[in-house]
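The structure under discussion appears below in the form of structure tokens.
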Amino acid sequence: MAESEYEIDLGNLLAFDRHHQFLSPSSSREEVAKKAIEQGTKLVQTIADALFALPSREDRDGPIVELPAPTTKLPREKPIPRPTPPTTWEKFAQKKGIQHKNKEKLVFDDVTESWKRRYGYDRVNDDNDLPIIEAKATDEVGKDPFAERRKEKKGKVDKQEKNRLHNLKQANKVGALPSHIQLAATSLPITGTQSMPKKISKDELQHVAGMASTATASGGKFDKKLPGEKAPKHEKKYRKFLPAVEGSGMGALEKQQNENVLNKLMSKHSHEILNVQKAVDMYNVKSDKKRKGGGGGGQQKKQWGQSSSSSKLKPNAKPFKKTSHKSPYKGKSK
Amino acid sequence: MMRIKTPRNARVKRELQKLAPKLVETAKKTLILHGTKTSHVLNSLLTEIYHLKKENSVKYSRKNDKVRPFESGGEASLEFFSLKTDCSLFVYGSHSKKRPNNLVLGRTYDHHIYDLVELGIENFKSMQSFSYDKKFAPQMGSKPFFAFIGEAFETVDELKHLKEVLLDLFRGEVITNLNLAGLDRVYVCTALSANKILFSHCAMRLKKSGTSVPKMELIEVGPSMDMVVRRHRNPDDSLRREAMKTPHELIKKKEKNVVKDAVQGKLGKIYMPDQQVGVVPLANKAKGVKRERREAKMKGEGHKPSPKKQKHDINADE
């Protein structure tokens, strides 16, 4: 009965009363606080009812119940860890069906006749334990067999290090480096999404250089260009104008535009063209500007009036521009 | 060439592994810090929040003039602290003429700010101002109850958000096994108006009631205060989706055709393929049962070309 009244999340031991309301304005704070505690007691009792109903097992310290998972979802702290991709050896072993076997750490060394570590300090088969290496018929004169052994061992270690780095590189590519490994460039340990700092490409550098070169009064017009320097990227749109004289091709565009508008207006569904929301917005903006423009200057006000009256009658003089802006070439055409 | 650093010894390696993202996460740590100026109220509030969450929180005692969570550029330092201390919750207190007794609660995801709630603190009553029998005082690190009272926690966006943040801040670790003898504290949050809540912390006394469920009694132990929500910032939608993801490995696959019954125990259903009555059994379709192979096997031990091949050869000769 009570459970239907309150919302309970047993995983978080949380109860939520969504119906309760206080008549707070009249009562003092102490009263409100007291009532809150009273209501809280009820809620806590409800959680306890649900909690003690769970199957429990006796422990030395008291009865222990198994809580269900929380129903209120809260965000994670860190991203989900990605699994490390298998190393080259792991892939090979998988393919061949090679099982990992634990080798014993201690091995009997025949040279010293004692038990020694398989690897590391004082290991089995150590170079330092070999007093003599027997000469073979194939040996070349003047070559030190001890040095050769050392070189061979060093080569193996280097190869292993190379392989390790390769595997780490592959893991880094999918963003799954082991957590204890950190890139030298980032001083802090890696959490999920931190990646290697990106190298700046040649193109980007040239672009930046081009931008910097325009930072003079002349816009870099008279400066000497460096080898490989590119002109700065033009980010804005280029302005387009219709030709002043009618003709074929581009010249006929104006006629086409007018036709388009007319067709829209004359068509059967012309009543659907009107976007009421947009019209209202435009009207509001216009009236707003009028109010503001009253103190600022008469010129702007005049322009508004002009545009609203003339734009309907005259052929569209500035098809690519909004009517509110003033342009130098408008004066010329008049 | 990629330069990498690895820990020199196993102890450091273990420490680093603790910071790594985990499949099942442990309790979130809280960073408690304050801005350039804090009032007496905030100082004691921050200390008491620290006491409430002592086992997984870090308290900074210095002034931080570069931390302004709501302003762009003001979070860089905070995010760095979060990374440094491995905290994903923070409590930031500041006091100014415009916003007196200001407390900002926030969460981070992957050490970037996830969401923020700004609260004004009013009518603050510290732990010291409550007198009660000390044997009922809550134990450190016990799992708290939560009681949220009021419709506004569901209908008003700010309070809904605040509810989630408060729950995240105080709930501690998600656990599966709970000792019923260790229940001793509850946070009671009551919505007073659309942007104001009453927050109080109570100890619980379990009294004998004659039934198996004890009778609960709340003893207010503090801190208690009114929180007025000022500004709040919800998480970005894409970030929220990312943060709310459940790892693929933890999603339980539904076990098909198995039902658990209280009386009969575990029950399974088996589907038998249709018995095909119309078809003659033992249609010799298997490879090994083919006549040619059987004969070839019986003929000899040595390596012989298969009869089919022989036949082909003969054909070729002709």
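Just so it is clear: chains get the letters A, B, ... in the order the sequence lines come, proteins before strands, and each one is counted from 1.
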Heavy-atom proximity to chain A below 4.5 Å, by part of [X]:
X	value
B/Leu239	neither
B/Tyr187	neither
B/Arg240	neither
B/Thr26	backbone
B/Leu206	side chain
B/Glu25	side chain
B/Thr108	backbone
B/Glu220	side chain

I'd like to know if the side chain of [X] reaches the main chain of [Y], judged simply by a donor and an acceptor atom lying under 3.5 Å from each other, with no hydrogens or angles considered.
X	Y	value
A/Lys78	B/Leu19	yes
A/Lys73	B/Met244	yes
A/Arg76	B/Lys22	yes
A/Glu77	B/Asp110	no

Roughly how far apart are [X] [atom1] and [Y] [atom2], rounded to 0.5 Å?
X	Y	atom1	atom2	value
A/Ile80	B/Lys245	CD1	NZ	6.0 Å
B/Lys143	A/Leu67	NZ	CG	7.5 Å
B/Leu180	A/Asp61	CG	CG	12.0 Å
B/Phe148	A/Asp9	CZ	CG	10.5 Å
B/Cys189	A/Leu14	SG	CG	9.0 Å
B/Leu218	A/Thr41	CG	OG1	3.5 Å

Contact origin within [X] toward chain B - heavy atom pairs under 4.5 Å:
X	result
A/Asp59	neither
A/Ala69	neither
A/Pro63	both
A/Leu43	side chain

Below 4.5 Å, heavy atoms only, C-beta onward: do [X] and [Y] meet side chain to side chain?
X	Y	result
A/Leu13	B/Pro144	no
B/Thr6	A/Arg164	yes
A/Leu51	B/Leu183	yes

Exercise for review: Under 4.5 Å, counting heavy-atom pairs only, tell me which of A/Glu66, A/Gln45, A/Arg57, A/Glu38 racks up the most with chain B.
Suggested key: A/Gln45
Exercise for review: Sequence neighbours left out, what passes ring pair (Phe, Tyr, Trp, His ring centres under 6.0 Å) with B/Phe124? Give chain and number order.
Suggested key: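 Ring pair (Phe, Tyr, Trp, His ring centres under 6.0 Å) check on B/Phe124 returns nothing, list empty.
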Revision key, fill the gap. So salt bridge (Lys or Arg N to Asp or Glu O under 4.0 Å) across residues 90-106 of chain A, not counting sequence neighbours, yields none
Practice item. Look at atom CD of A/Glu161 and say whether more than 12 heavy atoms of other residues, nucleotides or ligands are closer to it than 6.0 Å. Key: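 Yes - once you tally the heavy atoms of other residues, nucleotides and ligands closer than 6.0 Å, there are more than 12.
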